[in-house]
Peer 1: 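If you scroll down you'll find the structure; I have some questions about it.
All values below come from the heavy atoms of this structure, side chains included, with hydrogens, waters and symmetry mates left out.
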2 protein chains.
Amino acid sequence: MNSQACSAVKRIADSTVRRLSVYLRFLEGSTSRGQSTISSEELAKHGGTTSAQVRKDLSFFGSFGKRGLGYAVPELTESLREILGLQRQWNVVIVGAGKIGTALAQYHGFKSRGFNVVAVYDTDARKIGSKWEGHVVRDVASITSDLGERPAEIAVLAVPADVAQAAVDRLVSAGIRAILNFAPVQLQVPGDVALRSVNMAMELESLSFELTNRDR
Amino acid sequence: MNSQACSAVKRIADSTVRRLSVYLRFLEGSTSRGQSTISSEELAKHGGTTSAQVRKDLSFFGSFGKRGLGYAVPELTESLREILGLQRQWNVVIVGAGKIGTALAQYHGFKSRGFNVVAVYDTDARKIGSKWEGHVVRDVASITSDLGERPAEIAVLAVPADVAQAAVDRLVSAGIRAILNFAPVQLQVPGDVALRSVNMAMELESLSFELTNRDR
DNA sequence: CCTACTTTGTGAATGAATTCACAAGCCTGC
DNA sequence: GCAGGCTTGTGAATTCATTCACAAAGTAGG
């Protein structure tokens, strides 16, 4: 009945949220392709899932479609943005100015989606002060005072595994509320800090497993 | 009874495999720290799970521990490697010599874990022929013939979203068996090709959702 | 206005993954 | 070699996620 994105009453599964993100990405393409309406079936086909799953995912947040017709692309796009909290800007700091860190700092997808990179940090004295894509690399030691002046909600962690936990502890005490971790370690964070990890080694090993144990 | 990694009889969940990978990474650290034996409890603590989960995960593949004592670190490490198919070398090609692609090509974790980067590809004429970390960037058009001469099992895809599917189709027809995708699109692959996707936009949006809808 | 056709939204049913709980096995000390 | 203390391995119970299936609601055409 309600086409407003109401605040979640029951716990929403992470898998659901990730699919919403996939739907949104496809919808943004649909808009530019000039499609004005879309069915759960079509959304499912391009999101690698089933139409029932699409409808169930959306149903957790309200009722966005018209029976017999499908979903209006602009309205659904807007609703998904609202659900995912993308109608505001988020300030992001990148910690670690190595290969991955600098690649990320230049990643176009940040800015275009409301994630502002406000600072890049490193511990290497040779890197501190140098400039990348408009960001001066700053000393990790100044994170706490910097965040006091100019708060950021999200940190992207791209440092070696052996210093990752120390960096996390520093970020957490400086008031960071979410961390996207690229270091191949399991990090400990307080319950009120959100954490996601991208672990290339894990993905490769999972592929290795699948290639090895393919049912045959 | 059997401490051999027997071939999987029932389908193993992806979540299980990913945890095995986490256990393995911690064990490799334990070895260097000189610890000779480890309990499921300790493994769980550092893997962000529970001891029952650890034991259940391992039980799918055999029986590796000693009751009352725990798991012998070197033996379990070896068994996990075997389970994950890491006792052999895998040849990897990287497609896309942009920011992410080059960062990945230089990623130390590849070589040290048995994943040999055998080639880097791009379509940009200005990049083709240039050299990065011992790899000459080659023309995507030569993938098929290259793979005929020197096969690779795994491709890492780091190209823009709009050309990703075309690259996948080419790789699949050239005989690639597994793809690790960094492009923010849902890719279509035949059932016998393994696919994992790392999607930064999705991770950030999932954090955004969590920050926005924190139960409060 | 009525019929035929679509597609959503959602309880109920199924299936999958995690947690519980405890018997079985191993080590240590006496 | 026996008692006491740990820790594994695993069915059973539970929790969580996906799929099914269909009533409800919309469109279109006559």
Peer 1: Return the value, rounded to whole Å, for the distance between atom CG of B/Leu43 and atom C1' of D/dG9.
Peer 2: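 The distance from CG of B/Leu43 to C1' of D/dG9 comes to 15 Å, rounded to the nearest Å.
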Peer 1: Can you confirm whether the side chains of A/Arg81 and A/Thr77 place a donor and an acceptor under 3.5 Å from each other?
Peer 2: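 The answer is no; no qualifying pair exists.
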Peer 1: Does any part of the side chain of A/Leu204, heavy atoms only, come nearer than 4.5 Å to the side chain of B/Phe110, both counted from C-beta?
Peer 2: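 Contact flag for B/Phe110/A/Leu204 side chains = yes.
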Peer 1: Grab the CZ-C1' distance between B/Arg55 and C/dA24 for me, whole Å please.
Peer 2: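 The distance from CZ of B/Arg55 to C1' of C/dA24 comes to 13 Å, rounded to the nearest Å.
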Peer 1: With the criterion being N/O to N/O and under 3.5 Å, what pairs connect the protein with nucleotides 13-17 of chain C, and how long is each?
Peer 2:
none

Peer 1: Quick check on contacts: within residues 66-76 of chain B, what sits under 4.0 Å from DNA chain D by heavy-atom distance?
Peer 2: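 Listed by number, they are B/Lys66, B/Arg67, B/Gly68, B/Leu69, B/Gly70, B/Tyr71.
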Peer 1: Report which part of the nucleic acid A/Thr49 touches: base, sugar-phosphate, or nothing (heavy-atom distance under 4.0 Å, all strands).
Peer 2: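 Answer is nothing: A/Thr49 stays at 4.0 Å or more from every strand.
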Peer 1: State, yes or no, whether a side-chain contact exists between A/Ile154 and B/Leu211 at a heavy-atom distance under 4.5 Å.
Peer 2: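 When only atoms from C-beta onward are counted, B/Leu211 and A/Ile154 do touch, with a gap below 4.5 Å.
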Peer 1: Can you tell me how far the CD atom of B/Glu153 sits from the CG atom of B/Asn91, to the nearest 0.5 Å?
Peer 2: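 Rounded to the nearest 0.5 Å, the CD-CG separation comes to 5.5 Å.
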Peer 1: For B/Glu203 and A/Arg18, run salt bridge (Lys or Arg N to Asp or Glu O under 4.0 Å): C-alpha distance rounded to whole Å, both residues' side-chain angles, the deciding distance at 0.1 Å, then the answer.
Peer 2: CA-CA 8 Å; B/Glu203 303 297 339; A/Arg18 297 164 80 91; 2.8 Å; yes
Peer 1: Using the side-chain heavy atoms of A/Ser63, tell me which of these nucleotides is nearest: C/dC20, D/dT19, C/dG9.
Peer 2: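 The answer is C/dG9, which lies nearest to the side chain.
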Peer 1: Whole-Å distance between D/dT18 P and A/Asp57 CG?
Peer 2: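 It works out to 7 Å between those atoms.
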Peer 1: How are the rings of A/His46 and A/Phe26 set relative to one another: parallel (under 30°), tilted (30 to 60°) or perpendicular (over 60°)?
Peer 2: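 The rings of A/His46 and A/Phe26 lie parallel, inter-plane angle below 30°.
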